Amino acid sequence: MIPPFCFTNPIQLFAILVVAAAATLPLAAQRQGPAYPDTRRVDRIDVYHGTEVADPYRWLEQDVRESSEVEEWVAAENKVTFAYLDAIAEREGIRERLTELWNFKKYLPPEKAGGRYFFLQNDGLQNQYVLYFLDSLDGEPQVLLDPNEWSEDGTVALTRFVPSPDGRHVAYGTAQSGSDWQTWRIIEVESGRILEDQIEWVKFSEAAWTRDGEGVFYSRFDKPKEGAAFQSLNLNHKLYYHRLGSTQADDVLVYQREDHPDWGFFAQVTEDGRLLIIQIQVGTDERHRIVYRDLTEPYGLPTELIDNFENEYTFVGNDGPVLFFQTNLDASRRRVIAIDTRQPAQEHWREIIPESADTLQAVTLVGNLFIATYLKDARTAVKVYKMDGAFVRDVDFSTIATAYGFEGSRTDTETFYLMMSYTLPPTIYRYDLVTGESALFRQPEVTFRPDHFAVKQVFYRSKDGTRIPMFLSHKKGIALDGGNPTLLYGYGGFDISLTPRFLTSRVWWLEQGGVLAVANLRGGGEYGEAWHKAGTKTTKQNVFDDFIAAAEWLIDNNYTRKEKLAIQGRSNGGLLVGAALTQRPDLFAAALPAVGVMDMLRFHKFTAGRYWTDDYGSSDNPEEFKALHAYSPYHNIKRGTCYPPTFVTTADTDDRVVPGHSFKFIARLQAAQDCPKAVLARIETRAGHGSGKPTSKQIEEAADEWAFLVRNLGMKAPKNSE
């Protein structure tokens, strides 16, 4: 998964509102602050459980493609923002250096099927990764799919690929402009011929091949009403089977629950091809019901194995009728159990790998071995077990790092994994399952010196005394005199862990003497279910307290001072930044909230927002409303306040966190701002929540974010590559 910007904004051409361009003003005038658009306010009052709540910018929730007024407003905001950015002399030099840093070969771990190896590679500045295959490890890579040929601007992306078990075909998903909506196609590997098969309106689904390679299971929603694709709620997920050579209209409906339109379905086929495993989920919480179907029985009906949503059950693999699951049942930090479908009652379930002090993150079954990936204080640790649960060995890592991969089949004797850290670019290793030895498979050649930087982990105390880990990256030998420009990054939600991750854009920051601090806040998954739940619903304020405490620790320990401290977060992390800057506007010198959830009272009314009530709660619930209203960034902006310089980024085709969140937030922030500090929005076009964003757009966006910090943190940076 995640694992995580040349730009000309065409929507600027349609601006109707005339806004003074800061680039044409003398410096003294620029210090008075930008001249923001005069955004229309409406007298909208909603009543929640007896509390009146104003929503003066409700009209900005409209889809930019459906409202000319919103389109004009977006153009006007972008005009102000890009005039401000154009006046920053260092911006072009930042973009040039980022382009140099980005220009190296990048690889993802190979997947093996039918004796072939399939992998993604980017030669450096390609907008999208290219899918290659090898007939043998020492063979010549052959291009199978090159998404860079699908659009001139690189905004059509390859989202997923799944080889058939025999390696003859690959099912692959495509998405336009960063949307979550996917269209799936099938390609024949040997000939490179793309079949006529086309599967549309797929979202939140993989393709699961039958063992014979003749078809795939997938989940989809009904086609949205005209003009509603980017905002309407995603309901009535359905599981289908598609046979190669047929049309989507002929696909067989395998499973649906009309009585539960909020349920979603994820299908997997056991390696022996016998069983279809259907994982059912309601929200973002890892709580599952499990249904299976015997594929050897033409008229077999789905059989319920887990009939409640009380715990997580993630399918790992099978040994005939015995199914292995990763679960948090009686194990906050997870364990592995076996369920025999012939004796499915819970009293017959067996523990294979017990819960440990570390958090179990993922398990694969490869070469008749379980490869278990753990988090040990947010750092990767990997252990290997026999199928009866007997410990075999550790996979050794010599540095603070994240590792993932370890995929394969029970007959394999090898697997591959990726390792990376804040200053270590993603490197691919081949792991020999017999000897336990790792061998370098692909290593990128970069234009910076990783050995010039240091990465370490520290721990600090939050407001209530909870011990929080934080990673720090910076140049070796920096002075702890409070003068270092520092970027504090966080997320804190949805059971997602922030492990050491390489992002090319951050190298520029480190080269300029910046400190990168990544805090592992409650709400994430670093320490299991209890850690996650401590930052959800009515306890969500813990996340913001953890983040603010991280900022105070950095200042107290002389890494920086508040005039040099910036904060950043994306999506749920954008909410984090929005809450932090509205609660403590005095503490930060700049804020970079990206694609954030900013209206906590209405998020569940759009696209995938309904899933998030697991973490956030809902304004429909009286107690949860009180907690949400207390921290909702949009609703806690106060007139007469001097907010720190803020650079909001979003995209017009984001159909996960709809851009109306950011639109409403920045409009209200601009109206409330009581000092000259710039609060701006950069609204990308033909881009979504982040997935599939072309390299060119990534570079441009990163350059603009760094330029904003250079201006507002008083940094000195080269004006060009010379």
Side-chain angles (χ1 to χ4, degrees), residues 159-162 164-165 169-175 179-186 195-226 228-229 232-270 272-283 287-309 313-315 318 323 341 607-608 610-611 655:
T159 56
R160 319 286 284 180
F161 74 91
V162 185
S164 61
H169 295 93
V170 171
Y172 66 96
T174 67
S179 172
D180 280 339
W181 290 115
Q182 298 180 42
T183 298
W184 281 77
R185 303 294 303 269
I186 311 289
L195 307 187
E196 293 184 3
D197 307 54
Q198 183 163 305
I199 302 170
E200 297 183 309
W201 302 112
V202 177
K203 187 184 282 195
F204 314 135
S205 174
E206 290 279 6
W209 285 94
T210 54
R211 183 65 186 172
D212 59 11
E214 293 299 321
V216 295
F217 295 94
Y218 69 93
S219 299
R220 58 162 290 189
F221 293 99
D222 293 332
K223 181 179 179 179
K225 293 180 180 179
E226 188 69 28
S232 62
L233 279 173
N234 301 141
L235 295 168
N236 298 303
H237 218 206
K238 299 173 184 177
L239 177 63
Y240 286 89
Y241 172 71
H242 175 84
R243 179 174 289 278
L244 265 62
S246 64
T247 66
Q248 188 170 14
D250 295 326
D251 290 353
V252 178
L253 178 62
V254 176
Y255 195 79
Q256 69 171 334
R257 288 295 298 263
E258 292 180 307
D259 55 332
H260 292 286
D262 55 337
W263 287 11
F265 311 112
F266 180 83
Q268 295 169 273
V269 176
T270 56
D272 58 16
R274 180 166 183 170
L275 299 178
L276 173 69
I277 309 297
I278 305 171
Q279 179 177 291
I280 305 172
Q281 197 161 341
V282 176
R287 295 176 295 150
H288 310 126
R289 299 168 73 110
I290 301 293
V291 171
Y292 71 93
R293 179 177 171 181
D294 190 338
L295 296 177
T296 66
E297 296 289 340
Y299 302 104
L301 296 175
T303 300
E304 204 160 50
L305 186 66
I306 309 293
D307 64 357
N308 60 76
F309 287 114
Y313 296 94
T314 301
F315 179 66
N318 75 302
L323 308 180
T341 56
T607 61
R610 67 176 181 83
Y611 294 112
D655 55 355

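All values below were derived from every heavy atom in this structure, side-chain atoms included, with hydrogens, water molecules and symmetry-related copies excluded. Not measured: the values here are computed from a predicted model.
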So, [X] side chain and [Y] main chain: donor-acceptor pair closer than 3.5 Å or not?
| X | Y | value |
| --- | --- | --- |
| H288 | N308 | no |
| H169 | S164 | no |
| R610 | N234 | yes |

Rounded to the nearest 0.5 Å, how far apart are [atom1] of [X] and [atom2] of [Y]?
| X | Y | atom1 | atom2 | result |
| --- | --- | --- | --- | --- |
| F204 | F221 | CZ | CZ | 6.0 Å |
| N236 | H260 | CG | NE2 | 12.0 Å |
| I199 | I186 | CD1 | CD1 | 5.5 Å |
| Q281 | R289 | CD | CZ | 13.0 Å |
| S205 | L239 | OG | CG | 7.5 Å |
| Q268 | T314 | CD | OG1 | 8.5 Å |

Can you tell me which residue among H242, Q248, R185 is in a side chain to side chain donor-acceptor pair (under 3.5 Å) with D197?
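Between D197 and the candidates, side chain to side chain donor-acceptor pair (under 3.5 Å) is satisfied uniquely by H242.
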Nearest non-hydrogen partners of [X] and [Y], listed with the distance:
| X | Y | value |
| --- | --- | --- |
| G300 | R293 | O-NE, 3.1 Å |
| S219 | V202 | O-CG1, 3.4 Å |
| T159 | A175 | CG2-CB, 3.5 Å |
| A267 | A208 | O-CB, 3.6 Å |
| Q256 | E258 | OE1-CG, 3.6 Å |
| G273 | L295 | O-CD1, 3.7 Å |

A quick test of your reading: do over 12 heavy atoms of other residues, nucleotides or ligands sit less than 6.0 Å from CZ of R274?
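No, the 6.0 Å shell around CZ holds no more than 12 heavy atoms from other groups.
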Heavy-atom count check: over 12 atoms from other residues, nucleotides or ligands less than 6.0 Å from E196 CD?
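Atom CD in E196 is not crowded, with 12 or fewer foreign heavy atoms closer than 6.0 Å.
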State plainly whether the residues R243 and D251 are in salt-bridge range, i.e. N to O under 4.0 Å.
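Judged by the 4.0 Å cut-off on N to carboxylate O distance, R243 and D251 do not form a salt bridge.
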Side chains of [X] and [Y]: closer than 4.5 Å at any heavy-atom pair?
| X | Y | value |
| --- | --- | --- |
| W263 | F309 | yes |
| T174 | Q182 | no |
| E206 | Y218 | no |
| Y240 | V252 | no |
| I290 | F315 | no |
| L305 | T303 | no |
| L244 | W209 | yes |
| T183 | Y172 | no |

Would you please test Y255 and F265 for ring pair (Phe, Tyr, Trp, His ring centres under 6.0 Å) and show each step?
CA-CA 8 Å; Y255 195 79; F265 311 112; 5.3 Å; yes
Side chains of [X] and [Y]: is there a donor and an acceptor less than 3.5 Å apart?
| X | Y | result |
| --- | --- | --- |
| S179 | D655 | yes |
| Q198 | E200 | yes |
| Y611 | D262 | no |

Applying side-chain contact (heavy atoms from CB on, under 4.5 Å), run through I306 and I280 and close with a yes or a no.
CA-CA 10 Å; I306 309 293; I280 305 172; over 6 Å; no
What do the steps show when you test T210 against Y241 for side-chain contact (heavy atoms from CB on, under 4.5 Å), and what is the final call?
CA-CA 10 Å; T210 54; Y241 172 71; 3.6 Å; yes
Would you sort out whether T270 and I277 count as a side-chain contact (heavy atoms from CB on, under 4.5 Å), showing the intermediate values?
CA-CA 7 Å; T270 56; I277 309 297; 4.1 Å; yes
